[in-house]
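What follows is a short report on a single structure.
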Amino acid sequence: MSTPPRVRFAPSPTGYLHVGGARTALFNWLYARKTGGVFVLRIEDTDQQRSTEENTQVILDGLRWLGLQWDEGPVFQGEAVARHRADAERLLAEGKAYRCFCTKEELEAQRKATLKGAEAFKYDRRCDRLPAAEVAARMTQGMPFVIRFRMPQEDIAWNDAVHGTITFHGRDLDDLIILRADGTPIYNMAVVSDDIAMRITHVIRGDDHISNTPKQLALYRALGAAIPTFAHVPMILGADGKKLSKRHGATAVGDYQNLGILPAAMRNFLALLGWSPGEDREIMAEAELIALFSLEGIQKKPAVFDTTKLEWMNGQYLSLLPTEELLEPVARELDRLNLNYGSREVLVPYINAVKARSRTLLDVARQVAVRLDSHQLELDEKGRSLIKQMGDGYFRSLALAHETLSAISEGEWRHERILAALKDTVEKEGLKLGDLLQPIRVALTGSTVSEPVNELLEVVGRSSALARLTAAARSLANSQ
RNA sequence: GGCCCCAUCGUCUAACGGUCAGGACACCACUCUUUCAAGGUGGUAAUACGGGUUCGAUUCCCGUUGGGGUCACCA
């Protein structure tokens, strides 16, 4: 009986939680849930300059929002520097690492000199050739030094759970610094030391770490530790095929939260970026996702983040969600618009009317807002072009609609009665129903898309509907 | 540039030597609603290229091209 797997998500709090990181976290979480393993959250805050408490909070909030509950942590890497240092010094004591007295400036000069060459820069190990007496002398002088790991000059390979065998050659690898002059550890040292200490069995991380893996593997061996399974998941790219970054617009998990994406939809969509259950499955509940997940199903090539498909998926989740669950987020959005609607219960018929026609919570809120308050009305692209297309016909239709509808009393203002009246007028005038209904739709909502017009009229109410028809006709007259 | 990874419709993907190369988003058409959407039905659209291996390659091997990642006393 083997021990349960232990996986980790290890973001550094130097920025927000971006969708690539969120997906890495999701895969780790799914793997842990699937295998009965443990999902550890580790905050890699060893870069004191760029790490902030605020970023940490944003990352934690993002994970919680996505429903990715961790089992251990958050563990802060910065709290374990003593161990990192001890591991580095052990390598030094065992002769697997050496002191390097080269300054940043010297290294920079060396780097410049080789940059033009056919190969990448590699430290020439000059300090490794220093006689022991010289090292001792420099130390008594108090010369600052870093500790460098002596990279074995042999092939380093591993069997990656998504890529298969990946091989690097020791001759291409640099003697990496593992401890800075100030005694703080460098990333690769800290990670290996932590993953060993936390008994991590599966390292599931982004493809951008592939080049770190041979270095870390060498460190594991030098430390005599068991080597975990590595799984490098593909990157997420923007629509232009370039690595997803801020210039692509929304890349932070929080951005999608603000856009009105539901956590379940985001999770489902992210899972399908670079992973497939193998059948033609798309919409999957949390339990199905967990049941179907496997490392084998992870794609090797990078995936392009398609916001349109995310919104489609969100629309699917939205229309399945009971209206009660939409009450709170929609109300919050309306509050932001400073809209007065009385009690939340008032919103129910409005949400019901627009829910199936929306892709995001923001869509829902905006449509509800327009129905509640004519000041929220804004002509959209299609509305504008309809008016242009109909010309005078639009004006006539509004007048006709107003005449027809004002004949209906407040007490009779029900969608059945409204539809009957409108049909009646259409017949008398020899029009098509759409000729009358589309203008009403645009006048009332600014958009060409809504629930059936008679229902829209009922929801908006008699006086507001008539006022909007008049206002639309007037503003049209003014603009001509 | 060195090293590493990768390559099926525009996008996300299925296929683990034999399929008319399937599904989803997007797009188009039709349909339903005496209305716009949604829904339903159908359609356009892909194995980057060149060599092998094989009776047979999307699938295995090699090369080319293209893309991505990475080369810090950052993580």
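Numbered from 1 within each chain, the chains take letters A, B, ... in sequence-line order.
Comparing A:Y187 and A:T167 by the nucleotide of RNA chain B that holds the closest heavy atom to each, the one mapping nearer the 5' end is A:T167. Between A:P185 and A:E451, the residue anchored nearer the 5' end of RNA chain B, judged by the nucleotide with its closest heavy atom, is A:E451.
Nearest nucleotide to the A:D306 side chain, out of B:C36, B:U11, B:C73: B:U11. Nearest nucleotide to the A:V449 side chain, out of B:A26, B:C6, B:A37: B:A37. Nearest nucleotide to the side chain of A:I166, out of B:C6, B:A75, B:C4: B:C4. Picking from B:C36, B:C74, B:A24 the nucleotide with the shortest atom distance to the side chain of A:E282 gives B:A24. When distances run from any side-chain atom of A:D280 to the nucleotides B:C73, B:G23, B:C12, the shortest one goes to B:G23. Of the candidates B:C73, B:A26, B:C6, B:C73 carries the atom nearest the A:I186 side chain, counting heavy atoms from C-beta on. Taking only side-chain atoms of A:T308, from C-beta outward, the nucleotide of B:C36, B:C73, B:A26 with the closest atom is B:A26. With distances taken from any side-chain atom of A:V304 to the nucleotides B:A26, B:U11, B:A75, the minimum falls on B:U11. If you check B:C12, B:A75, B:C4 against the side chain of A:Q77, the one that comes closest is B:A75. When each of B:C6, B:A75, B:U34 is scored by its nearest atom to the side-chain atoms of A:K423, the top-ranked nucleotide is B:U34.
Comparing the same atom, C1', in B:C71 and in B:A14 gives a spacing of 36 Å after rounding to whole Å.
If you take CG of A:D160 and C1' of B:C4, they are 12 Å apart, rounded to a whole angstrom. With rounding to whole Å, A:L431 atom CG is found 13 Å from B:U35 atom C1'. One atom, CD of A:E429, and another, C1' of B:U34, lie 16 Å apart when rounded to the nearest Å. The nearest whole Å value for the distance from the CG atom in A:D155 to the P atom in B:C3 is 14 Å. Between the CG atom of A:L320 and the C1' atom of B:A38 there is a distance of 13 Å, given to the nearest Å. Rounded to whole angstrom, the span from the NZ atom of A:K432 across to the P atom of B:U35 amounts to 10 Å.
Across all strands shown, nothing is found opposite B:U35 as a Watson-Crick or G-U wobble partner with both distances under 3.5 Å. Applying the Watson-Crick and G-U wobble criteria (two distances, each under 3.5 Å), B:G1 pairs with B:C71. B:C20 is unpaired under the Watson-Crick or G-U wobble criterion, no partner having all donor-acceptor distances under 3.5 Å. Nucleotide B:G43: paired with B:C27 (Watson-Crick or G-U wobble, both distances less than 3.5 Å). If you check B:C9 for Watson-Crick or wobble pairing at under 3.5 angstrom, you find it has no partner at all. Of the nucleotides present, B:U64 is the one that pairs with B:A48 by Watson-Crick or G-U wobble criteria, both distances under 3.5 Å. B:U58 is unpaired under the Watson-Crick or G-U wobble criterion, no partner having all donor-acceptor distances under 3.5 Å.
Counting any heavy atom pair closer than 4.0 Å across all strands shown, A:R50 reaches a base atom. Residue contacts for A:K301: at a heavy-atom cut-off of 4.0 Å it reaches the sugar-phosphate backbone alone, with no base atom in range. At the heavy-atom level, A:A181 lies under 4.0 Å from base atoms of the strands shown.
Under the side-chain contact (heavy atoms from CB on, under 4.5 Å) criterion, A:D255 pairs with A:A250, A:A252, not counting sequence neighbours. Residues passing the side-chain contact (heavy atoms from CB on, under 4.5 Å) test with A:R414, sequence neighbours excluded: A:E416, A:E458.
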Taking only nitrogen or oxygen atoms into account, show me every contact under 3.5 Å that the protein makes with nucleotides 63-65 of chain B, one pair per line with its distance.
none

Report all interatomic pairs (protein N or O, nucleotide N or O of nucleotides 59-62 of chain B) with separations under 3.5 Å.
none

Give me, pair by pair, the N or O atoms of the protein and of nucleotides 66-70 of chain B that are less than 3.5 Å apart, along with how far apart they are.
residue	atom	partner	partner atom	Å
B:G68	OP1	A:K242	NZ	2.7
B:U70	OP1	A:K243	NZ	3.3
B:U70	O2'	A:S211	OG	3.1

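The stretch residues 434-446 of chain A touches RNA chain B through A:L437, A:Q438, A:R441, each having a heavy atom within less than 4.0 Å of the strand.
Shown here is A:E288, whose CD atom has more than 12 heavy atoms of other residues, nucleotides or ligands within 6.0 Å.
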Trace of the salt bridge (charged side-chain N to carboxylate O under 4.0 Å, His left out) decision for A:R8 with A:E44: CA-CA 12 Å; A:R8 89 298 200 276; A:E44 312 217 315; 5.5 Å; no

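Here the closest non-hydrogen pair linking A:R357 and A:V449 is CD-CG1, 3.7 Å.
There is no side-chain donor-acceptor pair under 3.5 Å between A:T167 and A:D155.
If you check distances only, the side chain of A:K309 does reach the base of B:A24 with a donor-acceptor pair under 3.5 Å.
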